Structure formats: C-alpha cells, structure tokens
Amino acid sequence: MARWPPLFAVQPFSRARRQGSAHSRSVVRKRAESRRGRNLLSESSVGLLLASLLVLRPYSAFAVLIDSSQVPPLLEMQAGWGVSLSEWRADGNCDVATGLVCDEGGFVTSMTLTSQQVPSGLPGPFPTAIGSLTHLTELALDLSTGGAASIPDSISSLRRLAALHLSGAALAGSMPSAIAQLTALASLSLLDSNMTGSVPAFLSALTQLTELALYNGAFTGVIPDTIASLTALQRLMLAHNNFTGSIPNSLSALSSLEYLAIGTNLLSGSLPAALASLPLLQYLDVSAANLKGSIPPALGSLGRLRMLSLGSNHLTGIIPTSITGLAELTLLNLAGNNLTGSIPPTISLLNKLMISPTISSQGPSPKPSVPFQTSRPCNHVSSINLGNNQLTGPFPSSLANHASVTFIGLQSNHLSGSLPASLSSLPSLVYLLLATNNITGSIPDTIGTLSLLSNLDLGYNQLSGPLPSTVANLSRLRTLRLGANHLVGSLPANLQQMASLEYMHLAQNNISGSIPAAIANLTALSFLGMGGNQLTGRIPSTISHLTTLALLDLSYNHLTGPIPDSIGALSSLTSLNLRNNNLTGSIPSSLGTLANATLIDLSSNQLEGSIPNSITGLISLVYLAVNHNNLTGSVPADMGRLTTLSQLDLSYSMLQGSLPASLGNLTLLTDLQVDGTGLQCARGGWCELEQQSASAFCQRCALFCTKCFVRAADVCASFQHNPCGSGACVSLPNGTYTCTCPLGSVLGNNGTIAPTCVPCPACFNATSPPPANALPSRAPPSEAPPSEAPPSEAPPSGAPPPAPPFGAPPSKAPPSSAPPSSAPPDNEPSANPPSEQAGGGATAAAPSPPQAPTGRSGTKMVGFGISFFAVLLLHALAL
C-alpha cells in the first residue's frame with residue numbers, strides 16, 4: 001500500500017537556505033558577499049531541483065489507493081447515480097477532486113459530492129450501498145436532480161459518522177429511524193430539500209449532536225419538546241419550513257445554544273421570554289413566523305447576542321429600551337411589524353452594529369452557512385432596519401452619533417419632523433430609506449457629503465424646497481427615489497457626475513425647467529420617472545445614449561417639440577409614457593424598433609400625421625394609446641400582428657376609414673376605444689366562437705363580423721329575456737336560434753337582424769332588409785353558470801341590467817382611465833353598457849320557415865272568393 005513520502009527532510013534545507021539568504025544581505029564586505037552569494041546560488045540550485053522533482057513526481061506516488069473492499073459499493077453508487085468519477089475503481093486513488101478522502105489503510109472516511117465535484121447534482125435514488133462504507137465519518141451529498149431520493153435504512157451501519165450533510169430538491173420522504181443509530185453524529189444538516197413529516201422524537205438519542213439544521217424543507221408539525229434533551233446543541237436551524245404551534249419554552253434548557261433560527265414558518269403565539277435564559281445565544285432569527293404580542297424586555301439580558309431578527313411578524317407595542325443595551329449586537333431587524341411609539345434615543349448606544357455581507361438586514365431569515373462560524377470576521381457595516389411599522393416621532397437625531405452606520409431603514413412608518421443636517425456625520429452610510437412617512441422641510445445640502453451613499457429613498461413624504469445641487473456629488477448613488485413630494489426648482493445641471501445612477505424617480509413633484517442635456521451621461525440608467533411635474537422644453541435627442549433604459553416616464557408635464565427620432569435607439573425600453581404634454585410633429589417610425597416595448601402611451605398631445613406602420617412590428621406590445629391627438633389617415637392594416645395587445649385607444653382623433661379586419665385576430669384585446677373618430681366597422685361573415693370566451697369576444701364581433709353566435713348546447717337559455725317576444729325560442733344545432741310564432745304573429749326581424757315574432761300588422765315590413773349600418777343586437781345574456789361567461793362580465797351590482805329594446809343602437813363605453821405614470825395599466829376589460837353587449841351577442845338570422853300568405857295577396861284572394869260566390873248565386877236564381 002502506497003504511503004505519503006516523508007517531506008520533513010526537505011524542510012531543514014529550505015530553512016537553511018532562507019537563513020543563508022538573510023545572512024548574505026547583512027554582510028557588508030564585498031568579497032565575502034560575493035563568495036557567499038556564489039555558495040548560496042549553488043545551494044539554491046540544488047533546492048530548486050529537488051523541489052521540481054517533488055512537483056513533477058506523479059501524483060499517484062503520494063495518493064492513497066482505495067482499499068479493494070471499498071470498490072464494489074463505490075461502483076454500485078456510481079452506477080446508481082449514473083455519474084462517472086474516474087478514480088472510483090479498482091487501483092483508484094482517494095482523490096479529493098472526485099470527492100473521496102481515505103485513511104492510511106485506504107478506507108473511505110469522507111465523501112463529498114457537491115456542485116464542485118458534480119456540477120449537475122446527483123440524479124437518481126439514494127444508493128443503499130452507502131451502508132457498506134462503514135469507515136465514513138463525514139458524508140456530504142447534493143441530491144438536486146432526478147427523482148425523489150429518500151435516505152436509505154442502510155445508513156444505520158455508519159456508526160462512525162460524525163457529520164451528515166444532505167441537500168437538494170430530490171431529497172424527499174421523511175427522516176428514517178435509522179438515523180437514531182448514528183450515535184456518534186455531531187452535525188445533521190438536511191438543507192433545501194423536499195423532506196416532509198415532523199421532527200422525530202428519536203433524535204433525542206443523538207446526545208453528541210451539536211448542530212441540527214433542517215433548513216428550507218417541507219417539515220410540518222410542532223417544534224417538539226424533545227429537542228430540549230439535546231443539551232450539547234449549539235446550532236438549531238429550523239427556518240423556512242411549515243412548522244406550526246408555539247415556540248416551546250423548553251428551548252431555554254439548551255444552555256449551549258449559540259445559533260437559533262426558526263423564522264419563516266407558520267408559528268403562532270408570542271415570542272417567549274424564556275429565550276432570555278440562553279446565556280450563550282449569539283444569533284436569534286424568528287422573522288416571518290406569524291408571531292404576535294410584544295417584544296419581551298427580558299431579551300435585553302442576552303449579553304452575547306450579536307444578531308436579532310424579528311422582522312415580518314405581527315409584533316405590537318413599543319421597542320423596549322432594554323434592547324438598546326445589547327452591547328454586542330451586530331444586526332437589528334424589527335421591520336414589517338406593527339410596532340408603535342418612538343424610536344428609543346438610546347439606540348445610538350448600539351455602537352457595535354455590524355452585518356456580514358452574506359446576511360441581509362431586510363426580510364426573512366437568510367440562508368446560513370453550514371456549519372455557521374460565529375467567529376468569522378464581519379465587515380464593520382452598521383444596520384438598523386425598523387421599516388414597515390407604526391413608529392411615530394421625529395427622525396432620531398441620536399443616530400448622527402453612530403458614525404459607522406451604513407444602513408438606516410425607517411420606511412413606511414409615521415415619522416415626522418425634518419431631516420437633520422447632522423446626517424453629514426454618517427460618512428459610512430450606504431442606504432438611507434425613509435420613504436412613506438410624514439417628513440417635512442427641505443433636503444439638507446449636507447446630504448451631498450455622504451460619498452458612499454448608494455440608495456437614497458425619501459419618496460412619499462412632505463418634503464419641499466429645491467432639489468439640492470449637492471445631490472450630484474453622490475457619485476456612487478445607484479437609486480434615487482424622491483417622488484411624491486413637493487419639491488420645486490429645476491434639475492441640477494451637473495447630473496453627469498452621478499455616473500453610477502441606475503434608478504431615478506422624481507415623479508409627482510413640482511420640478512420645473514427643462515430636462516438637462518447632461519442626463520444623457522447617465523448611461524447606467526434603467527428607470528427614469530419624471531412624470532407629473534412642470535417640465536418644459538424639448539425632449540433632448542441625446543436621450544438615445546441611455547441604451548440600458550427600460551422605463552421612460554415624462555407624462556403630465558409641459559414638454560413641447562417633436563418626439564425625437566433617436567428615441568428608437570433605446571433598445572432596452574419596455575415602457576414609454578409621454579402622455580399629456582404639448583408634443584407636436586408626427587409619431588416617429590423609429591418607435592417600431594423598440595422590440596421589447598410593452599407599453600406606449602402618446603395620448604393627449606398635439607401629434608399629427610398617421611400611425612406609422614412600423615408600430616405593427618412591436619409583437620410584445622400590451623398597451624397602445626394615441627388618443628386625443630390630431631392624427632389622420634387610417635389604422636395600419638397589419639395591426640392584427642400585435643397579438644399580445646390588450647388595450648388599444650384610438651379615440652378622439654381624426655382617423656378615418658374602416659377598422660382593419662386583422663383586429664379580429666387580437667384575442668387578448670379587452671379594451672378598444674374609437675369614440676370621436678371617423679373610423680367605421682369592417683364587417684363581413686360569421687364569427688363562430690367557443691362558449692367560454694363568448695362574452696368578451698362578441699363585443700368585438702359587432703365590429704368585425706356581420707353576425708356572431710356562440711356554439712352552445714342551448715343558446716336560448718343564455719337570454720335574459722325571450723328574444724322571440726310572444727313566440728318560443730328554438731335553439732339550432734349550429735349555435736343559432738329561430739322563433740316559433742303563435743297565431744296572430746309571424747317570424748320577422750322588427751327592423752334588426754335578430755329574429756323575433758312580430759304582430760301581423762307589421763308583416764308588411766317583415767321582409768324589408770335591415771339598415772346597412774345596423775349592428776347585430778339581442779337581449780343581454782342572463783346570469784349563466786361560470787362555464788358560460790366569465791364572472792367579470794357581470795355588472796358591478798351583481799344583478800343583470802334591464803334589457804334594452806331590440807334594435808336600439810349600441811352605445812360606447814367611456815374611455816378607460818389612464819395608466820399609472822410609471823407602470824402599465826391593469827389589463828381589465830372596461831364595463832360595457834348592456835346595449836353594447838347586446839350588439840355583439842349570440843344572434844343569428846336562420847332561414848325563415850315558409851310563411852302564410854299575407855298582405856295584398858290575401859286581400860285579392862278574399863275578393864276573388866266573394867265574386868265567385870256572387871256569380872253562382874245569380875246563376876241559381878236565373879234557373
């Protein structure tokens with residue numbers, strides 16, 4: 001059996017060489033230095049030669065060969081997983097690169113197959129052959145692909161196993177009782193799996209266990225009291241599961257516990273004060289656990305606590321001042337609760353607040369490293385997250401004494417007062433999140449001294465005054481949100497200094513002046529929202545330099561001039577909103593190059609010319625509004641290519657001609673506005689459709705078809721009122737209907753296309769053709785089962801509207817509301833009046849059955865009969 005060669009013989013020589021080299025530098029006499037240098041060169045050459053031989057010597061000479069008894073189970077496991085690991089064979093080496101570590105006898109003591117060894121993960125079931133590797137002390141497998149893999153019972157043979165780390169979505173099933181036989185186990189980690197069931201009571205047999213991590217699985221049930229018997233436990237991670245019930249007070253018996261993560265579960269009850277009895281606790285995460293009640297003041301006795309995360313619960317009450325006495329605290333997350341009161345001024349005493357780059361200060365519990373190293377160094381980054389609560393009072397000026405703070409999250413509270421100028425005392429600040437409060441006053445000029453600031457969010461407050469030009473000094477700023485305030489003045493002319501800016505939202509203020517040309521230098525911008533201001537002047541043509549821009553909102557301003565043709569160069573643009581300005585000129589055809597556009601709103605301007613045909617190439621477009629302009633010409637014939645279009649507003653323009661028949665292909669179109677135009681319907685042929693889409697499509701059918709009918713088993717049952725009047729409605733197999741009329745009435749159309757029974761005096765007009773511009777009309781459908789019409793088509797009141805008289809002209813629904821200034825509108829169909837629904841209903845003009853002679857022909861027949869009877873009578877008298 002090969003052994004590792006002794007390397008200690010080389011080490012004294014290396015030390016001698018280093019000592020000689022150091023000594024040679026201390027000699028001042030030139031000859032002695034030269035002689036010693038020659039000797040040293042000779043010794044160094046020998047050393048380099050030996051080192052080269054060691055490096056170039058075949059690796060197999062140093063590696064340990066796998067013992068022959070280990071080969072069969074390794075081959076079986078390799079075959080079961082369907083992977084090829086070159087050294088898993090007879091005369092193979094224990095190679096860390098292939099996941100194996102062996103002892104001197106060649107027995108496998110450690111197997112690690114994670115994404116580094118098998119990037120695609122291990123497919124297939126968990127091989128039972130693992131039980132034959134009885135020398136294993138560590139087993140780490142990533143079972144992320146393939147079918148469900150449960151832990152085999154054969155694992156009970158691994159009595160030497162000290163660490164079992166299994167992860168991956170393919171890991172399923174419940175925890176087998178065989179694990180209870182692993183009495184040497186110190187670390188049990190089952191991460192990111194689909195394992196189910198409750199935490200078994202037999203885990204109490206693992207008395208050596210120091211780490212239990214069941215993170216991000218599908219475990220259910222309550223957290224058992226039996227865990228309290230694992231007195232050696234230092235790390236307990238049960239976060240991101242489906243555990244229910246309350247947090248057991250018995251956890252306070254885990255006197256060695258340092259790390260407790262039970263957040264993101266379906267727990268109930270309150271946070272037990274008994275947790276304050278854990279003297280060594282350093283990390284406590286109970287975020288997103290559905291907890292209620294107040295924060296126990298007793299937590300202030302956890303003198304070693306470094307990280308406290310209670311965010312995203314339903315905690316109430318005030319922030320206890322005892323929390324601010326946790327001198328070792330590195331992370332404080334109380335965001336997303338219903339905490340009230342003011343922020344304790346003593347929070348500035350937390351002068352050791354730090355967060356690790358791998359642990360977020362926002363949201364639910366982060367994914368821990370396994371095993372969690374509580375001694376790992378943290379960056380000195382201060383973090384305070386109290387956002388999304390009901391906190392009141394002013395911005396705590398005491399935070400200005402916290403020079404190391406980098407994250408301040410106080411958003412979505414009820415804070416008032418002004419921003420203190422002492423913010424300039426926070427040179428390390430990276431995130432300042434104060435949005436959605438009641439903060440007043442102006443933005444202090446000193447904010448420009450926060451040179452490390454990356455995210456500044458002061459939106460939705462009551463801030464006033466100008467936007468200080470010192471903001472442009474924030475060269476590292478990536479997100480600037482100042483929307484929905486009362487800011488005035490113009491945009492800083494030196495915006496080009498903010499080269500890192502990616503998101504700028506200044507909408508809904510009173511900012512005036514023109515858009516500075518320097519904005520074209522913000523080439524990292526992906527979001528530019530400046531709608532709802534008082535901006536004037538032209539849209540700079542250099543805006544085309546913003547090639548990463550995804551959203552551009554300049555709506556509701558006073559911009560003039562044409563839409564620059566260069567806007568078509570914004571290849572990443574998905575939303576363009578120029579609504580409600582004073583823009584002139586034509587719609588540039590270059591808009592047709594915005595291949596990713598989903599929303600284009602050019603409405604309420606003074607645009608002229610026609611709709612460019614290039615628009616029809618925007619196959620991702622969902623919303624298009626060009627209404628309230630001076631557009632002329634016709635609608636492009638290929639508009640039907642916009643198959644994703646949901647809302648199209650052409651209203652109140654000078655467009656003429658017929659709507660293109662291709663619009664009938666827009667199956668997702670729910671809102672088409674053509675009021676106030678010269679557009680006419682292009683109708684011809686039948687519209688045949690399935691029952692479930694009838695209500696939405698029949699409205700369009702009135703525009704694009706002569707007749708529309710629903711393929712239904714009983715179309716007559718869909719009418720609220722009998723369309724046949726005094727007759728009986730008869731459903732036909734093709735989805736249409738006809739009428740069976742009683743004596744005194746006949747089948748007619750009463751001046752419409754819809755068949756009905758009309759009184760005999762109207763029979764003279766029964767065969768008259770309908771007017772050329774008449775639309776199909778019928779009574780609105782009655783409330784039908786869900787399969788017949790979508791629930792959204794019902795009137796808001798829940799009761800069906802009264803039916804209009806047959807033949808009443810369909811009315812147009814009012815234009816839908818404008819989309820939000822920075823977001824696409826909701827794709828909900830506008831409620832149409834009953835008459836419009838009637839105009840597109842399931843009507844049919846079935847061939848009329850033979851009718852009895854009526855009118856003048858009947859009168860002639862009666863007269864002829866009377867004359868004939870008179871002639872016979874006279875002839876009889878003559879005889």
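Fair warning: this is a prediction, and the values are worked out from it, not measured in the lab.
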*Indicate yes or no: at least one non-hydrogen side-chain atom of Leu554 is less than 4.5 angstrom from one of Leu552.*
yes

*Where do Ile563 and Leu602 land on the side chain to side chain contact (heavy atoms under 4.5 Å, CB included) test, with the steps shown first?*
CA-CA 10 Å; Ile563 301 173; Leu602 310 178; 4.0 Å; yes

*asked:* Apply side chain to side chain contact (heavy atoms under 4.5 Å, CB included) to residues Val626 and Asp649 and explain how you reach the verdict.
replied: CA-CA 6 Å; Val626 294; Asp649 195 342; over 6 Å; no

_Under 3.5 Å donor-acceptor, Asn533 side chain and Tyr556 backbone_ = no

*Identify the two heavy atoms, one from Ser589 and one from Pro612, that lie closest to each other, and give their separation to 0.1 Å.*
CA-CB, 4.0 Å

*asked:* With heavy-atom distances below 4.5 Å as the criterion, would you say the side chains of Ile539 and Leu578 are in contact?
replied: yes

*Check step by step if side chain to side chain contact (heavy atoms under 4.5 Å, CB included) holds for Asn485 and Gln508.*
CA-CA 7 Å; Asn485 279 288; Gln508 301 177 49; over 6 Å; no

*Where is the tightest heavy-atom contact between Ser603 and Asn629, given as atom of each residue plus distance?*
CA-ND2, 3.8 Å

_Nearest heavy-atom neighbours spanning Leu491 and Leu467_ = CD2-CD2, 4.5 Å

*Identify the residue among Ile611, Val674, Thr632 that makes a side chain to side chain contact (heavy atoms under 4.5 Å, CB included) with Leu655.*
Ile611

*Distance from Gln606 atom CD to Leu631 atom CG, nearest 0.5 Å?*
12.0 Å

*How long is the span from the CE atom in Met639 to the CZ atom in Arg641, to the nearest 0.5 Å?*
11.0 Å

*Hey, are the side chains of Leu573 and Leu551 touching, using non-hydrogen atoms and a 4.5 Å cut-off?*
no

*Examine distances only and state if a side-chain atom of Asn627 and a backbone atom of Leu650 form a donor-acceptor pair shorter than 3.5 Å.*
no

*Of all the heavy-atom pairs spanning Leu659 and Val635, show the shortest one and how long it is.*
CD2-CG2, 4.2 Å

*Consider only side-chain N and O atoms of Thr574 and Asn596, and report whether a donor and an acceptor are under 3.5 Å apart.*
no

*side-chain hydrogen bond (donor to acceptor under 3.5 Å, both in side chains), paired with Asp565, selected from Ser586, Ser590, Ser541*: Ser590

*Counting N and O atoms only, with roles assigned by atom type, does the side chain of Thr593 sit under 3.5 Å from a partner on the main chain of Gly568, one being a donor and the other an acceptor?*
yes

*Answer yes or no: is there a side-chain heavy-atom contact under 4.5 Å between Leu525 and Met504?*
yes

*asked:* Treating Thr644 as the side-chain partner and Ile619 as the backbone partner, does any N or O pair qualify as donor plus acceptor under 3.5 Å?
replied: yes

*asked:* Determine whether Asn580 and Ser555 satisfy the following criterion, side chain to side chain donor-acceptor pair (under 3.5 Å), listing intermediate values before the conclusion.
replied: CA-CA 6 Å; Asn580 215 308; Ser555 63; over 6 Å; no

_Side chain proximity check, Ile515 to Pro540, heavy atoms < 4.5 angstrom_ = yes

*Has the side chain of Asn494 got a donor or acceptor atom that lies under 3.5 Å from a matching backbone atom of Ala472?*
no

_Taking the two cysteines Cys724 and Cys739, do their sulfur (SG) atoms come closer than 2.5 angstrom to each other?_
yes

*Point-to-point distance, once rounded to the nearest 0.5 Å, from CD1 of Ile519 to CG of Leu546*: 7.0 Å

*pair Thr584-Leu607: side-chain heavy atoms closer than 4.5 Å*: no

_Let me confirm one number: the CD-OG distance from Gln656 to Ser634, rounded to the nearest 0.5 Å._
10.0 Å

*Look only at the side chain of Thr677 and the backbone of Tyr652, and say whether a donor-acceptor pair between them is shorter than 3.5 Å.*
no

*Test side chain to side chain contact (heavy atoms under 4.5 Å, CB included) on Asn577 and Ile600 and set out the steps.*
CA-CA 6 Å; Asn577 192 351; Ile600 294 180; over 6 Å; no

_To the closest 0.5 Å, what do you measure between CG (Leu495) and CG (Asn521)?_
9.5 Å

*Does any donor atom in the side chain of Arg478 or Tyr503 lie under 3.5 Å from an acceptor atom in the other side chain?*
no

*Gln534 side chain near Asn509 side chain, heavy-atom distance below 4.5 Å*: no

*asked:* Tell me the closest heavy-atom pair linking Leu549 and Leu570, and the distance in Å.
replied: CD2-CD1, 4.4 Å

*Roughly how far apart are His545 NE2 and Leu522 CG, rounded to 0.5 Å?*
12.5 Å

*Okay, side chain of Ser662, backbone of Ala637: is any donor-acceptor separation there less than 3.5 Å?*
yes

*State whether the side chain of Thr479 and the backbone N or O of Leu456 hold a donor-acceptor pair below 3.5 Å, judged by distance alone.*
no

*Heavy-atom side-chain proximity of Gln647 to Leu599 below 4.5 angstrom*: no

*For Pro588 and Pro564, which heavy atoms make the closest approach, and how far apart are they?*
CG-O, 4.3 Å

